[in-house]
S.K.: 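Right, I'll just put the structure down here and ask away after.
In this text, all values refer to a predicted model and were calculated from it rather than measured experimentally.
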Amino acid sequence: MRQQDRFARLRTISPGLLLIIGVCFLIRIDLTNSLGQSREQTCSEGWYITGYYVPREDELPDTAEQISVERMGDLSFSQKFLSEIRTEGWGITRFGWALGYYSGGWHRSDSGPLDAAGNVLAEGIIAIDRSLIPPGANVQISTLPSPWASRTFRATDIGNGIVGQHIDVFTGTGLTAEQETFRITSENNHVCFMRE
């Protein structure tokens with residue numbers, strides 16, 4: 001299209017429409033700037049990183065131990081499996097549902113293992129000390145081994161032992177995920193997060 005034709009078409013747009021387009025453009029710039037200014041990245045060194053996972057009962061055979069599961073009654077599970085749940089928080093039973101230990105009792109979840117807010121755990125969720133990292137923050141830990149170093153984590157979980165510069169990374173389900181918890185456990189990590 002020739003340059004003259006472009007200008008001719010622009011002259012046919014009404015001045016009112018041009019004014020509306022201009023105002024929308026300015027509002028978009030203002031919103032973009034204010035959103036960008038409200039987000040502040042904070043980075044620091046010296047973080048202790050650990051991992052947690054969800055054990056599977058079928059991978060931890062052992063002598064049966066009877067427990068009382070809330071709203072279900074007495075059931076028996078592998079002792080090793082129950083021991084791991086007491087440490088990790090949740091496990092996947094041989095029946096396919098999740099068994100959790102919190103508030104001094106055993107609980108069933110048909111949705112899967114849950115974080116402290118009741119949301120289903122997903123790989124890459126982290127437990128944090130909320131006095132240092134705000135809930136829901138996006139967190140990067142560039143000093144972890146691959147592929148974890150390139151991931152962006154979500155700070156949605158908490159834990160009794162997660163105090164100060166300590167982050168617990170959820171690595172997934174089963175023995176492979178357990179091995180990842182050992183692989184990522186390290187001190188003096190570099191952590192960045194976005195503060196809203």
S.K.: If you round to the nearest 0.5 Å, how far is SG of Cys192 from CD1 of Ile133?
M.R.: 10.5 Å
S.K.: Please check if the side chain of Asp168 supplies one atom and the backbone of Gly51 the other of a donor-acceptor pair under 3.5 Å.
M.R.: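 Answer holds: yes.
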S.K.: What is the minimum heavy-atom distance between Gly159 and Ala127, and which atoms define it?
M.R.: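 Result for this residue pair: N-CB, 4.3 Å.
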S.K.: List the residues meeting ring-ring contact (aromatic ring centres under 6.0 Å, His included) with Phe81, not counting sequence neighbours, and say none if there are none.
M.R.: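 Counting only residues at least two positions away or on another chain, Phe81 forms no ring-ring contact (aromatic ring centres under 6.0 Å, His included).
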S.K.: Name all residues meeting the salt bridge (charged side-chain N to carboxylate O under 4.0 Å, His left out) criterion together with Glu57; count only those two or more places apart in sequence or in a different chain, and write none if there are none.
M.R.: Arg94
S.K.: Is His166 reaching over with its side chain to a backbone N or O of Trp47, donor-acceptor style, under 3.5 angstrom?
M.R.: no
S.K.: Below 30° counts as parallel, above 60° as perpendicular, anything between as tilted: where do the rings of Phe77 and Phe95 land?
M.R.: perpendicular
S.K.: Nearest 0.5 Å, what's the OG-CZ distance between Ser142 and Arg151?
M.R.: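 Rounded to the nearest 0.5 Å, the OG-CZ separation comes out at 15.0 Å.
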S.K.: Taking C-beta and beyond as the side chain, do Leu82 and Gln79 meet within less than 4.5 Å on heavy atoms?
M.R.: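 Result no, sub-4.5 Å side-chain heavy-atom pair not found.
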S.K.: Quick one: does Pro55's side chain get under 4.5 Å of Trp90's, heavy atoms only?
M.R.: no
S.K.: Are Ile125 and Val139 connected in the hydrophobic side-chain network, where two residues link if heavy atoms are under 4.5 Å apart?
M.R.: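 As far as the 4.5 Å side-chain criterion goes, Val139 and Ile125 are not connected within one cluster.
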S.K.: Under 4.5 Å between any side-chain heavy atoms of Tyr53 and Gln179, yes or no?
M.R.: no
S.K.: To the nearest 0.5 angstrom, please state how far the CG atom of Asn119 sits from the OG1 atom of Thr156.
M.R.: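 Output value for this atom pair is 6.5 Å.
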S.K.: For the pair Thr93 (side chain) and Trp97 (backbone), establish whether a donor and an acceptor sit closer than 3.5 Å, ignoring hydrogens and angles.
M.R.: yes
S.K.: Do Val191 and Ile167 come within less than 4.5 Å of each other through their side chains, counting heavy atoms only?
M.R.: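 Yes, close enough: below the 4.5 Å cut-off.
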S.K.: Given Thr173, which partner from the list Glu123, Glu59, Arg56, Glu178 fulfils the side chain to side chain contact (heavy atoms under 4.5 Å, CB included) test?
M.R.: Arg56
S.K.: Please, which pairs that meet ring pair (Phe, Tyr, Trp, His ring centres under 6.0 Å) have at least one residue in residues 104-147, sequence neighbours excluded?
M.R.: Tyr101-Trp106, Tyr102-His107
S.K.: Shortest non-hydrogen contact from Pro134 to Ala155?
M.R.: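 Smallest interatomic distance, heavy atoms only, reads O-CB, 4.0 Å.
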S.K.: Can you sort out the partners of Glu65 under salt bridge (charged side-chain N to carboxylate O under 4.0 Å, His left out), two or more places apart, ordered by chain and number?
M.R.: Arg86
S.K.: Is there a donor-acceptor contact under 3.5 Å from the side chain of Arg108 to the main chain of Leu99?
M.R.: no
S.K.: Between CG of Leu132 and CD of Gln165, what distance do you get to the nearest 0.5 Å?
M.R.: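 One gets 6.5 Å once the value is rounded to the nearest 0.5 Å.
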S.K.: Could you tell me the separation between the CG atom of Asn189 and the CG atom of Leu144, rounded to the nearest 0.5 Å?
M.R.: 5.0 Å
S.K.: Indicate yes or no for a side-chain donor-acceptor contact from Thr171 to the backbone of Ala177 under 3.5 Å, with no hydrogens or angles considered.
M.R.: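 The answer is yes, because a donor-acceptor pair under 3.5 Å joins these two groups.
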S.K.: Counting only heavy atoms not in Glu187 (residues, nucleotides, ligands), do more than 12 fall under 6.0 Å from its CD?
M.R.: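 Check fails, neighbour count at 12 or below.
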S.K.: Which heavy atom of Arg183 sits nearest a heavy atom of Pro147, and at what distance?
M.R.: NH2-CD, 3.7 Å
S.K.: Using modelled atom types only, decide if a donor and an acceptor are shared between the side chain of Asn188 and the backbone of Gly46 within a distance under 3.5 Å.
M.R.: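 At least one qualifying donor-acceptor pair exists.
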S.K.: Would the distance check show the side chain of Gln66 and the main-chain N or O of Ser76 forming a donor-acceptor pair, the cut-off being under 3.5 Å?
M.R.: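 Looks like no, no N/O pair under 3.5 Å.
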S.K.: For the residue pair Phe153 and Ile141, establish whether any side-chain heavy-atom pair is separated by less than 4.5 Å.
M.R.: yes
S.K.: To the nearest 0.5 Å, how far apart are CD1 in Ile126 and CD1 in Ile162?
M.R.: 10.0 Å
S.K.: Is any side-chain heavy atom of Leu114 closer than 4.5 Å to a side-chain heavy atom of Val120?
M.R.: yes
S.K.: Could you tell me which non-hydrogen atom of Asp157 sits nearest to which non-hydrogen atom of Leu121, and how far apart they are?
M.R.: OD2-CD2, 3.8 Å
S.K.: Only counting residues at least two apart or in another chain, list the ones meeting side-chain contact (heavy atoms from CB on, under 4.5 Å) with Ile158.
M.R.: Ala116, Arg130
S.K.: Are Ile85 and Leu175 in one and the same hydrophobic cluster, where Ile, Leu, Val, Met, Phe, Trp and Tyr link if side-chain heavy atoms are under 4.5 Å apart?
M.R.: no
S.K.: Please confirm whether the backbone N or O of Ile184 pairs with a side-chain atom of Ser186, one donor and one acceptor, at under 3.5 Å?
M.R.: yes
S.K.: Is the closest side-chain donor-acceptor distance between Asp62 and Ser78 under 3.5 Å?
M.R.: no
S.K.: Looking at residues at least two apart in the chain, or sitting in another chain, which of them share a ring-ring contact (aromatic ring centres under 6.0 Å, His included) with Phe170?
M.R.: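 With neighbours one apart ignored, the set is Tyr52.
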S.K.: Taking the side chain as every heavy atom from C-beta outward, state whether Cys43 and His190 have any pair of such atoms under 4.5 Å apart.
M.R.: yes
S.K.: Please determine whether the number of non-hydrogen atoms from other residues, nucleotides or ligands lying under 6.0 Å from atom CG of Asn160 exceeds 12.
M.R.: no
